[in-house]
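All residue numbers refer to positions in the sequence shown, counting from 1. As the structure is a computational prediction, the values presented were derived from the model and not from experiment.
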Amino acid sequence: MRNLSRLLTVQVLLLLWGSGTALAESPFCEEEKASNDRSHEVEHRVEARPEGDLVHFTVHRTFHNSRQRYAEQEALFDLPQGGTVHGVALESQGSWTEGILLEAPQAERRYKALRKKGTAAPRPIALLSTEGTTEGATAHLKLWNVPPQASVTVRYEVRARLTYAHGRSSFTYPLPDCGQTPRPALTVTPPSPGADFQLETRDADTSQPMLEASWEAGTSKGLDARAGLIPWGDGTLGFLQVRAERLSEPPMRARVVFVVDASHSVGPQGITHQLSLAEEYLRLLPEATTEVVVFRRSAERLFGRLIPATEWKTALAALPATRLAPGNGSHLDEGLKLAQRVLSEGNGTARVVALTDGQLRRAFEPVPPAPGTSAPDAAVHLRRLSNRTGHATPHEKLSGPIVRESCGMQLYPYASSMEQLVRPLRWEQVHLQDEQGTPLREVSALDEGEGFHLWLPSPQKPLRQLVLHGQRWGCATSAPVVLDSSLSADVGRNAWSALRFKHWRRQKEELPPQEAVELLAKNGDWLSDTRSFLVVPSAAGPSTARTHALPDQVRGGVIGGVIGGTISCAMDSQQPRTASPELEEELARLLQPVFSACLGEGGNPSLLVRVEATGDEIVDVTVTGAASELQATCVREATWAVRLPPIGDDGFMTDYTVKPRH
């Protein structure tokens, strides 16, 4: 979720300041600032105060007019992520004036009227508005009658919702580009004494860096799903907040069977790699007992019993090397069936971890479930291995569960950790339902350590009970959503109810319904597209300070754009490989002694042997046209014993048909 680029050790300094506060400060761009003799911003101070699930910002921005005449100042600036403005005040010559919130057109008309020529003494006024619906997180500040050779300060209050990632709460504050706008000095009051507080920068996008403050979120465990609901017409407007600190716990005293591919296509190094993956897995379950099932053409147990995980290295070292030698055949189904028989022994949570490069015979089918693999807490996982040669596509039946009706997941070759197969770390196909099972919102996935916010639609009837559903290791799971009164109050009170991000960086479900935006903005106390803040000191009015507006250049704005496109690259598609003539000839030569031994000198002209091969491994053998079952068995077993030479060894599966020569 976070893309942290660097610690602020040079441009932002983190200091302990007073009681429970931290100061982050960054220098101005002195070379540009020195050359600026026009009205400009000279100071930007921010005080951030986290409270509950919100962060409250108090922002002071000071603008100096270096001219000899009254000036008008304009500035565009981004608001903190997820926040809008809740109050504005203007200070000039030691006197503060609080702003009022008006309908946006009314505020604009009054501001323009005050800029006209008149008899009143010149007094500074301010207008703070948004920059339109497509820039809902950008504020537009206009200052009129900034005194010559003097400064004015604008103060505004912002509220934003804290975000959550990997056990830490955080908020961000936008940093301006290094131009004529000073970088903010940020003072943060930690949420609790002694909090593990960190201040860093991250690149929110290519045009705007962000300052991010984060700290440990607290001690809550499990899945925290809360909803805030407020009446809206005949229905309900709702907001869902989900935080997944820890989705599951490792099983206690689990029984783990590793199903290891010992075929020629994997090779000795591949077998060693699988055993190292199994050892990594057992380090995460030190109390488990384990067995290894090795499969080639058939399957066999390696230890003959479930051994404690602590005896793993000793038990492996005592095995003869021949027990782990590669051979013909990749009958994963035989390995799975034997693993299920092993799990019929003893008690405890069952785990099957199958490892293979996916180069299986075409006849492979997922196996039926057994009590040990269909129990609610059982799981059957597949850990794919990298192909030793070529780029062959794994068997198509590996796209689903390898044991029918079982829970489990696939881990691909590039996966870095086996923990995903020890305990569920993700919910997939997440969706929210009401008490009658009506779907309300969908989310692609929920990862442990992450969280998300969703706006709920406005049905014709009120919402009461909500349930979050999903899949965990491919099996259904659910959790109730708690109705939180404090979150309900936030929905109608706080700034994050308005648009919070640029549209092109938003998912649709992150946005409240447009009607809700308008309703909340109208009833709330924050800056929005429909309402603006106007600050007018007493006795202010049209004056002769300036005969007409002379707008200065916009200060503090962010100019950016997105240039996008799609680059289409030709990709290799999986094409059936034609039989290698060299291997076909070599296979015919190798099988002639088999035919002579099993069929006699006369042979059997109607007998055919079909061999599925990957180039150096025989994957399956089928014998047809034999005069007797004894004859067919002899040819089949002798063919299985043939070791293919590495001719055209590219890992692709191909069929070869061989018959006796006369």
Side-chain angles (χ1 to χ4, degrees), residues 261-271 295-298 325-334 356-365 385-398 572-662:
D261 189 338
S263 62
H264 281 306
S265 65
V266 170
Q269 291 184 345
I271 296 173
F295 68 92
R296 303 174 186 86
R297 177 194 172 191
S298 58
N328 282 325
S330 297
H331 290 22
L332 173 61
D333 43 354
E334 295 298 326
T356 180
D357 61 359
Q359 302 307 293
L360 310 179
R361 58 177 178 166
R362 290 187 179 86
F364 167 77
E365 291 287 347
L385 309 172
S386 298
N387 291 322
R388 184 170 60 87
T389 57
H391 304 281
T393 302
H395 198 289
E396 60 181 10
K397 294 295 177 63
L398 295 182
D572 293 335
S573 58
Q574 180 63 42
Q575 299 292 337
R577 184 171 71 86
T578 58
S580 166
E582 295 83 2
L583 183 55
E584 191 168 25
E585 179 62 28
E586 184 65 14
L587 185 59
R589 185 187 67 79
L590 291 171
L591 291 185
Q592 286 312 308
V594 172
F595 295 146
S596 298
C598 295
L599 306 180
E601 291 299 327
N604 183 351
S606 61
L607 185 140
L608 294 176
V609 179
R610 185 176 65 84
V611 176
E612 291 180 29
T614 61
D616 71 337
E617 176 198 336
I618 293 177
V619 179
D620 205 2
V621 177
T622 304
V623 178
T624 59
S628 65
E629 181 56 35
L630 181 63
Q631 190 181 75
T633 300
C634 178
V635 172
R636 186 183 305 109
E637 296 302 317
T639 303
W640 272 115
V642 169
R643 179 69 177 104
L644 295 181
I647 299 176
D649 182 14
D650 56 10
F652 287 92
M653 191 82 68
T654 313
D655 285 347
Y656 298 91
T657 301
V658 183
K659 60 182 179 179
R661 292 177 178 173
H662 297 289

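Atom NE2 of His395 sits about 7.5 Å away from atom CE of Met653, to the nearest 0.5 Å. Separating the CG atom in Asp357 from the OG atom in Ser386 is a distance of 9.5 Å, to the nearest 0.5 Å. Atom CZ of Arg643 sits about 8.5 Å away from atom CD of Glu617, to the nearest 0.5 Å. Between atom CZ of residue Phe364 and atom CZ of residue Arg361 there is a gap of 9.0 Å, rounded to the nearest 0.5 Å. The structure places CG of Leu360 at 5.5 Å from CG of Leu332, a figure rounded to the nearest 0.5 Å. Summarising the geometry, atom OG1 belonging to Thr639 is positioned 12.5 Å from atom CZ belonging to Arg610; distances are rounded to the nearest 0.5 Å.
Nearest heavy atoms, Ser606 versus Gly625: OG-O, 3.2 Å. Contact record, Thr614 with Ser265: OG1-CB, 4.3 Å, taken as the closest heavy-atom pair. Residues Gln631 and Ala627 approach most closely at OE1-N, 2.8 Å, considering heavy atoms. When all heavy atoms of Leu599 and Pro660 are compared, the pair lying nearest together is CD1-CG, 3.7 Å.
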Report task. List the steps and the verdict of ring pair (Phe, Tyr, Trp, His ring centres under 6.0 Å) for His331 and Trp640. Result -> CA-CA 13 Å; His331 290 22; Trp640 272 115; 5.7 Å; yes
Query raised in the report: Passes side chain to side chain contact (heavy atoms under 4.5 Å, CB included), Asn328 versus Val619? Steps please.
Result: CA-CA 6 Å; Asn328 282 325; Val619 179; over 6 Å; no
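By the salt bridge (Lys or Arg N to Asp or Glu O under 4.0 Å) test, Arg362 pairs with Glu612, Asp655, sequence neighbours left out. With sequence neighbours excluded, no residue forms a salt bridge (Lys or Arg N to Asp or Glu O under 4.0 Å) with Glu396. Not counting sequence neighbours, Asp620 has no partner by the side chain to side chain donor-acceptor pair (under 3.5 Å) test.
Using a 4.5 Å heavy-atom threshold, the side chains of Val609 and Val635 count as touching. Using a 4.5 Å heavy-atom cutoff, the side chains of Cys598 and Leu630 are not in contact. For the pair Ser263/Pro326, no side-chain contact is recorded, criterion being any heavy-atom separation below 4.5 Å from C-beta on. Side-chain contact between Val623 and Leu607: present, with at least one pair of heavy atoms (C-beta onward) separated by less than 4.5 Å. Side-chain contact between Val658 and Phe595 is present, with at least one heavy-atom pair separated by less than 4.5 Å.
Among Ile618, Thr657, Leu644, the single residue meeting the side-chain contact (heavy atoms from CB on, under 4.5 Å) criterion with Val611 is Ile618.
Side-chain polar atoms of Thr633 and Glu629 form a donor-acceptor pair below 3.5 angstrom.
Taking the charged nitrogens against the carboxylate oxygens, Asp333 and Lys397 have no contact shorter than 4.0 Å, which rules out a salt bridge. Between Glu585 and Arg661 there is a salt bridge, with a side-chain nitrogen of the basic residue lying less than 4.0 Å from a carboxylate oxygen of the acidic one.
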